[in-house]
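Right, one structure below, let's go through it.
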Amino acid sequence: MTNNPEKEAKSGLQKLDPDALMLIRWLKAFREALKRPVNVTFAALLIGIGATCIAGSFTAFWQTLFMKIFETVAQTPPESETIQATRIIVGFAVICLGVFVLFKKKDDSVQPSEPPSKEKPDAPNEISPASPIQEPPSPTAGTLSSIDATLPVFIEILSDNGRYTGGIHQGCIEKTFFISSLALRENDKPIPDKEWRLLDLVEAIVRFKKEDLKAFDERVQLDLGQYLYDQTLGRLPEKDQKQLREQKDLSLRILTDNEWIAGLPWNLLADGGFYFSANDWSIALCQRIDNEIHELPPSPRMLIIAPEPPGLNRPTRSEEHLEELEDMLSSHDPRMSFGDNIKAAKTWEDFLQLAASFEPELIYYYGHGVGDRRLTRLVFETGPDRRPVEKPVLDVAQCLRQLETPPLLAYINCCLGDSGGFLGAGFQLGEFIPAVVTNRTFAEVPVAQAQAMTLWKNILLQAIPPHKAVTHLYADMDLNLLTTKDCRWITPVFHAHYGGWITKSATPPDRLTADPHWHLKIDRVNQYNAVIAQTRLMMRERKPKSLAFVWYGQEGQGVEIFHKRLLVELREELTDVYVHQIRPRWPEHLEDYHTAFSDTLCEPFRVGNIEDIPARLRNESRGRTTLLYVRHEPVRGKLLINPRSLKDYVEWWDSTFSHLLEKKQFALLTVSFLVNNPPAFADYVKKQKIEEMPLSKTVFWLLDEMEKVAKRDLLLFLQTHNIDIRAKRRDKVLQKILNKTGGKYELTIDELRRLRQQAWQADGDDGDSEGKDAVEAFDY
């Protein structure tokens, strides 16, 4: 006999019959289970075993078991009374143990949880007590086994009385890695050696207070991203983490209905000093798993809501943004233009009417948001005086939800776009719109516009799915005027509720109108030739350094459209020149015109001193030959900016700004006036003798008046764009257009657009009916 009591006990246990040995192993497993959180199933089994002992069921079994235990371990032959008493005592003990296990999870919720260390071995397969998966895990659970790159990876996070648990999976219950005790509560401290709480960091991002964000540099962002990784993907076995890191095009979705968890900056997920969102990982939020595949048709209907009520402290400059957006889209797809498949609303009433009648497939809100962590509201215009009105996102969602076919994508591009949790844009719109893009924090106008242009270009012109399009914003942040020093690089937040996304390529320009910018190029031959010819000469001869053009006309005569035409024509003509457009606002005062005009040019470049503009322009153009196209908003009225102050401006421009331009930099200054009496305005300008000023670096031109459109101009348009109208009806059609529009340029464009569209729809008919049908449809 050996002297080792442990070996004696072990050899004795091995002599037990299989049933008794199985019970001992169960008890041992339950004891080990107490070292970690367990679920109600374990507690129920323990209570059941204890009840069985007390009830005396299978008496022979229990007597045999306890007799062998006493004989083997205690070496004491028991009496039957001893066995019965022991059975009762053990039964009560096991029941008490089960009750303890049942209530143990409540005690865990108040215990601080430490994030796992990277040096610890692979985490065991843990089962969350709040897991939505009701079935017990299979023997293979706890590993993703292999990553299917075609499916999203879900990090599912649930809340149970302030305690966060969840799992990682690809939509398969049997292959879920369960996670418990996630340290993602508001008071948890994620940054080493810092007292900042998660709540402090989240509120600093949402509120965007500079004093709070001074320390929120790239290092803090990286540490926060590492902490979020350690709490989620960092719990996976190393082999699974390695599989994930090797994926270059992974769709990762945070599956939760908890507003606090949804508000965490998941886009910062990082490991080893590397942001996953900058490596083509798509990181999105979702409230449910949806495997439906959605298809965005070519030339989708797009409703743009761009309110800008008078008196706002921070103007959004929506007019120029929408113009640039239309330019980009219509140049690839003529139907994506205002009047065709793009509609715009500013007031709340316009939004309600267009949403119902237009049934948009795309929603784009560009404006101001008002909100906090409890709610989110969007600012609209209302009434004839365009006064501002705040509308809860819930009201916007309710309007869109009532449509027979809800939109496929919504982009809410404003500050505080999704700070309202359950009442925010992401949660409300994401319930019925498959793809929703919102903003996390305050977005400056240039950045918000740049991000929107990039996003819509990716989705509509390059047919990139929305989750990947948003990812490109992170990867190409330098193109959007951002770096990781500015936490606004994580501003876009994506909410995905689709399994797949299909986008068909944009409709190519039709045969009848090969030029997507045809509507800009009606008449204005004299003005156009003057500007383009002189600009070409300046770029070829490298002198002068700048040109200044002024034109004028009545309201509706396309004064503003001519600015737009010049940008299109210059980019088409000067293919080897970088054309950079800025649209400065006029100063509000001219008490110190040097400071006023300097500030006017500094604002678009986001510099504090006018002398910094050439360097910024050099960086934008990457050292190429550059033409700076300064496009001032049309002057309405005659108080602050008039021919007299215009003379001061041109003189300042020549003596101050033109001299700052570098060797490869040239400038084109354009100013337009909307006037009631064009001849009188022309006389006033000529009396100022601006053209006779001794300018050293600039040449000044006053263009002819933008006059009414004549029938000859329309005839040239029809011939140029090959719109076939029988000769005997042509004069009648053109005269009807002029009678209806009074020769006003902008109204004439609308009528020509209708004529072009009807001719396009008639294309493909047989024989002579093509032109006849088009004419008769238009001949009202």
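Looking at every heavy atom in both residues, W196 comes nearest to V220 through CZ3-CG2, 3.6 Å. The nearest pair of heavy atoms linking A284 to A496 is CB-CB, 4.0 Å. Contact between A469 and I459 at its shortest, heavy atoms only, is CB-CG1, 3.6 Å. The two residues A183 and D188 make their nearest non-hydrogen contact at C-OD2, 3.0 Å. For the residue pair F432 and A397, the shortest heavy atom distance occurs at CZ-O, 3.4 Å. Taking both residues in full, the closest heavy atoms of Y229 and R245 are given as OH-NH1, 3.5 Å, listed atom of the first, atom of the second, then distance.
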Please lay out, stage by stage, how E186 and R197 fare under the test side chain to side chain contact (heavy atoms under 4.5 Å, CB included).
CA-CA 7 Å; E186 294 184 354; R197 303 171 300 165; 6.0 Å; no

Could you give me the CA-CA distance, side-chain angles and deciding distance for L252 and I155, then say whether side chain to side chain contact (heavy atoms under 4.5 Å, CB included) is met?
CA-CA 8 Å; L252 181 68; I155 300 179; 3.9 Å; yes

Would I261 and W266 count as a side chain to side chain contact (heavy atoms under 4.5 Å, CB included) here? Give the steps.
CA-CA 9 Å; I261 294 297; W266 293 103; 4.0 Å; yes

Could you walk me through whether I412 and N439 pass the side chain to side chain contact (heavy atoms under 4.5 Å, CB included) test, one step at a time?
CA-CA 7 Å; I412 310 300; N439 283 354; over 6 Å; no

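A heavy-atom distance below 4.5 Å is not found between the side chains of Y364 and L409. For the pair I157 and N258, the minimum side-chain heavy-atom distance is 4.5 Å or more. A heavy-atom distance below 4.5 Å is found between the side chains of E195 and K189. Looking at heavy atoms from C-beta onward, H169 lies in side-chain contact with I289 at the 4.5 angstrom threshold. By the 4.5 Å heavy-atom criterion applied to side chains, Y227 and L184 are counted as neighbours. In this structure, V153 and L244 have side chains that are in contact, with non-hydrogen atoms separated by less than 4.5 Å. Within the 4.5 Å cutoff, no side-chain heavy atoms of T471 are placed close to those of W281. Side-chain contact between P190 and L224 is present, with at least one heavy-atom pair separated by less than 4.5 Å.
Expressed to the nearest 0.5 Å, how far CG of L182 lies from CG of D230 amounts to 11.5 Å.
Remark: E431 engages R401 in a side chain to side chain donor-acceptor pair (under 3.5 Å) (not counting sequence neighbours). K468 is linked by a salt bridge (charged side-chain N to carboxylate O under 4.0 Å, His left out) to D249, counting only residues two or more places apart in sequence or in another chain.
The backbone N or O of D257 lies less than 3.5 Å from no partner atom in the side chain of Q287, so there is not a single donor-acceptor pair. Panel note: side chain D240, backbone P237; no donor-acceptor pair is recorded below 3.5 Å. In this structure, the side chain of H497 engages the main chain of G430 through a donor-acceptor pair within 3.5 Å. Of the possible polar contacts, none joining the T438 side chain to the G426 backbone as a donor-acceptor pair under 3.5 Å is found. A donor-acceptor distance shorter than 3.5 angstrom exists from the side chain of S277 to the backbone of N267, with no hydrogens or angles considered. Between the side chain of Q241 and the main chain of G234, a donor-acceptor pair closer than 3.5 Å is present. Listed for the W260 side chain is no donor-acceptor partner under 3.5 Å among the backbone atoms of L199. Although no hydrogens or angles enter the test, the distance criterion places no donor-acceptor pair under 3.5 Å between the side chain of R185 and the main chain of L198. For Q170 (side chain) and L151 (main-chain N/O), a donor-acceptor pair under 3.5 Å exists by modelled atom type.
Between the side chains of Y411 and Q451, no donor-acceptor pair of N or O atoms lies under 3.5 Å.
Salt-bridge annotation for R163 and D160: absent, with no side-chain N of the basic residue lying under 4.0 Å from a carboxylate O of the acidic one.
Between Y498 and W501, the ring planes lie tilted relative to each other; the angle falls in the 30° to 60° range.
The residue from N413, V396, L378 that alone fulfils the side-chain contact (heavy atoms from CB on, under 4.5 Å) condition with Y365 is L378.
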